[in-house]
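Only one structure is covered here, and it is reproduced in the block below.
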Amino acid sequence: MPELPEVETVCRGLALHLPGKKIMQVILRRKDLRLPLPLHMEKILKGRVVQHISRRAKYILLHLDGGHVLIVHLGMSGAMVLKERPPETYRTHDHVALIFKDGTTAIFHDPRRFGLMLLATEKTLPSHKLFSHLGPEPLDKSWGVTQLCAILQSSKAPVKSVIMDQQKLVGVGNIYACEALFLAGVHPTRPANIVTKNEATKLAKAIKQVLNAAIESGGSTLRDYVRSSGDAGYFQHHFKVYGRQKLPCLICKKTILVIRQSGRSTFFCAHCQK
DNA sequence: CGGCGGTCCTGTCAGC
DNA sequence: TGCTGACAGGACCGCC
């Protein structure tokens, strides 16, 4: 899926076009996403005006008038693409379309249906089941080495699993976990609680750096991720370890390895990461 | 309780 | 060419 940078890129695209626009029509082509679409979603959304767009973790939030919030998660394969006009025909896996008064159409497309769309209100959002357990945002000014040290010390799990744990720290998925650990020179299988202060300092910096760089590049496009414009992101060209198994490390030239950790592929350089 | 593995679903690609 | 199995950016749930 889209990790934090991809979701942030989508939000920025939506924020450019949707605020102030009124939803005139809601097309539900398929309701069984990861969770079923809310009952009466159509009725609640129709006539609402988009106030602003925000992001929390990997969730896109469309803030509507009347205090309603449309929550969108892209899962592994989801996209929110904007069109200037409603399309003549929809593609397979275009599950929901929001048609605005000026014709602008936002299409939620998600082949694997791991994504979701839910409704909440500004009041209920913080205590919403999906949101109440989320950890801090790594790009917040208030997040840094102190916060990272605290979560690392509290767990013996592999450091990679810990930085991917959305309860401890949001937004870091498989790609950016691999990349950040490489940048910091930390071996992904190290028990989190034996990572030193010095290494944690590098890792906190690496996490911010790689997420910010990816946002700058419009995210990473591997298979089906696209920005709201429909364009691909470019950060995949900057990967230093992700997907580079058997290729030489860009720093030391030794071979990049791939292992499985909790069912996910981990790419790393055994020489540069200790 | 923490941590891991299985699971949801479809598409794609490598290998036979 | 065609089939089969493995794997893919996430995250919930249940089991140990």
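Chain A is the first sequence line, chain B the second, and so forth, proteins listed ahead of strands; every chain is numbered from 1.
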The side chain of [X] lies closest to which of these nucleotides: [options]?
| X | options | value |
| --- | --- | --- |
| H93(A) | dG3(B), dT10(B), dA11(C) | dT10(B) |
| S155(A) | dA8(C), dG3(B), dC8(B) | dG3(B) |
| Y59(A) | dC4(B), dC12(C), dG10(C) | dC12(C) |
| K58(A) | dG10(C), dA8(C), dG3(B) | dG10(C) |
| E3(A) | dG10(C), dC12(C), dC4(B) | dG10(C) |

Can you tell whether the side chains of [X] and [Y] come within less than 4.0 Å, N to carboxylate O?
| X | Y | value |
| --- | --- | --- |
| D94(A) | R91(A) | yes |
| K58(A) | E6(A) | no |
| D32(A) | R30(A) | yes |
| E199(A) | R190(A) | yes |

Scan P191(A) against the nucleic acid and name what it touches under 4.0 Å (heavy atoms): base, sugar-phosphate only, or nothing.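 The answer is nothing, as P191(A) stays clear of every strand by at least 4.0 Å.
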
Under 4.0 Å between any heavy atoms, over every strand shown, what does F235(A) touch: base, sugar-phosphate, or nothing? Just pick one.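 Nothing, no heavy atom under 4.0 Å.
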
Taking atom P in both dA6(C) and dG6(B), compute the distance separating them and give it to the nearest angstrom.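 Comparing P positions in dA6(C) and dG6(B) gives a spacing of 12 Å.
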
Whole-angstrom distance between dT7(B) and dG5(C), as gauged at atom P: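 dT7(B) and dG5(C) have their P atoms separated by 16 Å.
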
Residue matched to dG10(C) through Watson-Crick or wobble contacts both under 3.5 angstrom: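 Base-paired to dC8(B).
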
Separation of [X] atom [atom1] from [N] atom [atom2], in whole Å?
| X | N | atom1 | atom2 | result |
| --- | --- | --- | --- | --- |
| Q166(A) | dC12(C) | CD | P | 9 Å |
| K160(A) | dG3(B) | NZ | C1' | 15 Å |
| I175(A) | dG10(C) | CD1 | C1' | 12 Å |

Would you say F114(A) stacks on dG10(C), if stacking means ring centres under 5.5 Å apart and planes within less than 30 degrees?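 Yes.
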
Looking at [X], does any N or O in its side chain come under 4.0 Å of the phosphate oxygens OP1/OP2 on [N]?
| X | N | answer |
| --- | --- | --- |
| R112(A) | dC7(C) | no |
| H73(A) | dA11(C) | yes |
| S265(A) | dA8(C) | yes |
| K129(A) | dA11(C) | no |

When rounded to the nearest 0.5 angstrom, what is the spacing between CD1 in I151(A) and CG in N193(A)?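 Output value for this atom pair is 12.5 Å.
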
Residue pair L74(A) / M80(A), side-chain heavy-atom distance below 4.5 Å: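 Yes, close enough: below the 4.5 Å cut-off.
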
K83(A), NZ: over 12 other non-hydrogen atoms inside 6.0 angstrom: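 Counting neighbours around NZ of K83(A), 12 or fewer heavy atoms of other residues, nucleotides or ligands fall under 6.0 Å, so no.
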
Could you identify which residues of residues 26-35 of chain A place a heavy atom less than 4.0 Å from some atom of DNA chain B, listed by residue number, or say none?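 Of all residues in residues 26-35 of chain A, none places a heavy atom under 4.0 Å from DNA chain B.
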
So which pairs with a foot in residues 230-253 of chain A pass side chain to side chain donor-acceptor pair (under 3.5 Å), sequence neighbours left out?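 For residues 230-253 of chain A: S229(A)-D231(A).
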
Given the structure, check if the side chain of R113(A) and the base of dC9(B) hold any donor-acceptor pair shorter than 3.5 Å.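 No.
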
What I want to check is whether an N or O donor and acceptor connect the side chain of R264(A) with the base of dA8(C) at under 3.5 Å.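 Between dA8(C) and R264(A), which were checked side chain against base, a qualifying N/O pair under 3.5 Å is absent.
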
Extract from the structure each pairing of a protein N or O with an N or O of nucleotides 12-16 of chain B at less than 3.5 Å, listing the distance.
none

Is the gap between the ring centers of F182(A) and F268(A) under 6.0 Å?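 Centroid distance F182(A)-F268(A): not below 6.0 Å, so no.
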
For F235(A) and Y176(A), take the angle between the two ring planes, folded into 0 to 90°, and tell me which bin it lands in: parallel under 30, tilted 30 to 60, perpendicular over 60.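 Ring orientation of F235(A) relative to Y176(A): tilted.
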
